[in-house]
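In this chain, residues are counted from 1 in sequence order. All values below were derived from every heavy atom in this structure, side-chain atoms included, with hydrogens, water molecules and symmetry-related copies excluded.
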Amino acid sequence: MTRESQASPPVSIRERFPRRIRRIFLGVVIPLVLLPILIIGGSVIVRARLLLIEQINAQLNANAQIMASEIEGWINAAQIRLDASVRQQTLSDNLGGLLSMGQHRDDSFAAIREAIFTELIEFNAKRGDVIFSEYFVIDANGNILIATEDEWEGRALTVGTAAIFTGDQANIYIEYAPEPFYEDQVMIFVHVPYQGADNLRGHIVGVLSHRQLLDTLEFGLQLQPLSRSYFITGGENFFQLDIAKKELQFFEPAISQSQTFIPLQTEYSYSQPQSNNFNTSLHSFNEIRSLASFIWLPKLGAGFVFEVPQIVAFQQFESLTPFMFYLLVFFVLSSILIAVLAANWLPRPIIKLTEITRQFARGNWDVRMPETRRDEIGLLAFTFNEMAKQLSDLYHTLRKQVEDQTLELQKRSSQFEATAKVARDIAALQDLNTILANVTQLISAHFGFYHAGIFLLDEEKRFAVLLAANSPGGQRMLARGHRLAVGQTGVVGRVAETGEARIALDVGADRDYFDNPDLPETHSEMALPLIVQDEIIGVMDVQSKVVSAFTPEDTEVLQIMADQIALAIANARLHEESAQTIQELQTLYSTQLSESWRTLLGDQAKAYQ
């Protein structure tokens with residue numbers, strides 16, 4: 001492989017960072033702007049459509065309620081008028097005479113028949129509006145006794161119709177082509193029961209004229225052009241207004257109409273729902289989508305529907321759709337233009353900051369970004385300047401930390417040196433008092449604590465007696481034989497009892513601290529036990545003028561020193577005991593030797609005698 005092939009050409013900054021913030025900005029901002037616009041625009045359209053549907057349903061319901069009120073008012077008026085006519089004395093007497101004849105007609109039948117219908121027709125026409133078009137009277141068995149239509153007389157009602165017309169309560173009934181009446185016609189009957197003398201019972205029925213009903217349905221067309229109104233009876237029959245013939249006409253409903261309104265008709269017929277109206281959307285005649293309002297007419301026992309083609313209801317909304325579309329396109333194009341302009345203007349301060357950052361990276365620690373703006377770019381410049389200052393401060397801080405760590409290492413070295421010196425002194429010196437005095441001086445000199453003292457327990461282990469100290473206060477305590485009760489007085493007494501190290505980082509807050517007048521500057525204290533073969537022989541006490549002066553490292557080194565001191569004390573005591581034993585042996589030997597010589601010399605003197 002040649003050297004030319006091994007050497008790779010240098011890569012420029014442009015090649016390493018080919019992407020441009022303008023493109024990224026446009027790629028991010030344009031979707032972020034367009035998406036909310038499209039969502040809001042679509043939501044507005046959907047919401048406007050829903051509000052329009054609610055408004056149309058409310059208007060449909062109001063129109064249907066108006067028409068239903070008109071119909072029910074007309075029906076109530078018809079029932080009241082028929083009941084009032086029956087209560088006339090003359091008509092009541094004639095009805096009694098007719099019912100007493102039954103099916104056997106005599107010479108007075110024609111006169112009674114004529115009198116009854118004359119009074120009914122005259123009473124019907126008194127108010128100026130003819131409500132009833134036909135009348136007939138039936139007996140308790142459902143037989144038509146007389147009728148304004150001659151062909152109805154003498155005929156019997158069907159079982160279902162007779163059950164309706166022979167009840168004890170007045171009622172209203174609507175039906176399509178009931179037998180034996182008109183074929184292919186919708187008839188509305190008003191029934192009023194009659195009970196005369198001798199318990200004669202009969203029923204007078206009036207057939208309502210369609211005129212006023214047709215007027216009400218035509219009024220619905222005035223309220224809402226192109227609307228449709230129709231009735232649904234208990235027999236699942238649908239009736240609507242035939243405008244040309246001016247009459248109600250039976251029609252075959254669309255599938256959607258049957259599936260929607262027949263169950264409603266059945267439900268309202270056998271129960272009493274809380275609301276008597278229902279709004280819905282369905283496919284009406286010729287599959288035309290329509291909005292409809294269903295009103296239940298309890299008096300009539302039928303449902304009334306008022307519906308409007310949806311295209312008519314939404315005509316105004318549909319006319320606004322192109323305008324809303326062009327408005328949405330305008331907002332989209334405006335947003336894209338603003339995004340492009342912003343993409344060219346916003347990166348300029350960032351480019352400038354990039355150049356300043358390069359200078360800073362080359363070692364120009366004094367370069368700063370001008371803080372002339374009060375927006376995020378100004379915040380970025382301020383943050384960069386703060387970062388540059390922090391990096392400079394960090395450099396000096398790290399340098400100081402290195403210096404502090406160097407000093408700490410030197411301090412530790414001095415402490416270990418003191419520990420080594422104690423070990424050497426222990427090996428070189430045999431005198432216990434000299435060793436302890438040297439140790440207190442070394443601790444004060446190498447650790448910087450103003451007082452160090454060593455206590456040893458007495459033979460009875462009741463008191464810890466101060467044997468060595470370096471401070472002036474400690475010297476005064478030595479002069480007067482200072483001692484502390486084990487387990488009772490101060491930190492030293494506690495450690496002498498428990499054999500566990502005790503550190504009071506703030507003596508003012510420590511419950512075991514003994515306020516010594518010879519050491520008034522003490523703010524922290526550490527006591528370490530001197531233990532040899534699990535036996536507590538004393539305590540090393542160190543005090544400082546500084547709160548929280550003792551570090552874990554100080555404790556570790558001083559504990560090592562305390563262990564060495566304990567061993568030195570044990571060795572010194574052993575040395576003293578050995579020396580004393582030798583002394584005693586030498587004395588005993590000298591005594592025995594002298595006694596032996598004295599005895600020997602006495603024996604020899606006796607021999608010479």
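You'll find the side chain of Glu307 reaches within 4.5 Å of the side chain of Leu282, heavy atoms only. For the pair Leu60 and Leu291, the minimum side-chain heavy-atom distance is below 4.5 Å. Residues Ser290 and His283 are not in side-chain contact: their nearest non-hydrogen atoms beyond the backbone lie 4.5 Å or more apart. Side-chain contact check for Ile565 versus Leu436: some heavy-atom pair is nearer than 4.5 Å. Proximity of Tyr450 to Thr522: side-chain heavy atoms (C-beta onward) are separated by under 4.5 Å at one or more points. With contacts defined as side-chain heavy-atom distances shorter than 4.5 Å, the pair Met540/Ile443 qualifies. Side chains of Leu530 and Val539 form no contact here, defined as non-hydrogen atoms less than 4.5 Å apart. Contact of the Met477 side chain with the Asn516 side chain is registered, since non-hydrogen atoms from C-beta on lie closer than 4.5 Å.
With hydrogens and angles disregarded, a donor-acceptor distance shorter than 3.5 Å links the side chain of Thr440 to the backbone of Ala437. With hydrogens and angles ignored, the 3.5 Å screen pairs no side-chain donor or acceptor of Gln543 with any backbone N or O of His523. Remark: the backbone N or O of Ala292 is not paired with any side-chain donor or acceptor of Thr280 at under 3.5 angstrom. Without hydrogens or angle criteria, Asn470 side chain to Gly474 main chain gives no donor-acceptor distance under 3.5 Å. Checked by atom type and distance alone, the side chain of Ser544 pairs as donor or acceptor with a backbone atom of Val546 at under 3.5 Å.
Minimum heavy-atom separation, Val495 to Leu528: CG1-C, 4.1 Å. Smallest separation of non-hydrogen atoms from Ser524 and Ser548: CB-N, 4.0 Å. Annotation for Gln475 and Ala469: closest pair NE2-O, 2.5 Å, computed over non-hydrogen atoms.
In summary, Glu535 and Lys461 engage in a salt bridge, as defined by a charged side-chain N under 4.0 Å from a carboxylate O. Between Arg494 and Glu497 there is a salt bridge, since at least one side-chain N of the basic residue sits less than 4.0 Å from a carboxylate O of the acidic one. Ion pair Asp518/Arg480 flagged as a salt bridge, since at least one NZ, NE, NH1 or NH2 atom sits closer than 4.0 Å to an Asp/Glu carboxylate oxygen.
The local environment of CZ in Arg462 is sparse, with at most 12 non-hydrogen atoms from other residues, nucleotides or ligands closer than 6.0 Å. Within a 6.0 Å radius of CD in Glu386, other residues, nucleotides and ligands contribute more than 12 heavy atoms. Within 6.0 Å of the CD atom in Glu54, the count of heavy atoms belonging to other residues, nucleotides or ligands exceeds 12. Annotation: Arg502, atom CZ; neighbour count of heavy atoms from other residues, nucleotides and ligands within 6.0 Å is above 12.
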**OP:** For Glu525 and Ile503, run side-chain contact (heavy atoms from CB on, under 4.5 Å): C-alpha distance rounded to whole Å, both residues' side-chain angles, the deciding distance at 0.1 Å, then the answer.
**Re:** CA-CA 6 Å; Glu525 181 179 4; Ile503 300 176; over 6 Å; no

**OP:** Carefully, step by step, assess Trp296 and Gln265 under the rule side-chain contact (heavy atoms from CB on, under 4.5 Å).
**Re:** CA-CA 8 Å; Trp296 173 246; Gln265 170 71 22; 3.3 Å; yes

Original post:
Yes or no on side-chain contact (heavy atoms from CB on, under 4.5 Å) for Val439 and Ile454, after CA distance, side-chain angles and deciding distance?
Top reply: CA-CA 9 Å; Val439 168; Ile454 296 177; 4.0 Å; yes

Subject >> Audit row: Phe463, Phe455, ring-ring contact (aromatic ring centres under 6.0 Å, His included) steps and yes/no >> reply: CA-CA 9 Å; Phe463 295 96; Phe455 293 80; over 10 Å; no

Original post:
So Val465 and Leu456, side-chain contact (heavy atoms from CB on, under 4.5 Å) or not? Walk me through it.
Top reply: CA-CA 5 Å; Val465 182; Leu456 294 182; 5.8 Å; no

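Within the model, atoms CG of Leu478 and CG of Leu467 stand 8.0 Å from one another, a figure rounded to the nearest 0.5 Å. To the nearest 0.5 angstrom, Met526 atom CE is 10.0 Å from Leu505 atom CG. Distance check: Arg476 CZ to Leu519 CG gives 8.0 Å after rounding to the nearest 0.5 Å. Put simply, CD on Gln559 and CG on Asp563 are 5.0 Å apart, with the number rounded to the nearest 0.5 Å.
In this model, a donor atom of one side chain and an acceptor atom of the other lie less than 3.5 Å apart for Ser471 and His451.
Remark: aromatic rings of Tyr268 and Phe294 are close, center separation under 6.0 Å. Taking the six-membered ring for Trp and the full ring otherwise, the centers of Phe278 and Phe261 sit at least 6.0 Å from each other.
With sequence neighbours left out, the side-chain contact (heavy atoms from CB on, under 4.5 Å) criterion links Thr357 to Leu353, Phe384. Partners of Asn279 by side-chain contact (heavy atoms from CB on, under 4.5 Å), not counting sequence neighbours, listed by chain and number: Asn57, Asn61, Ser293.
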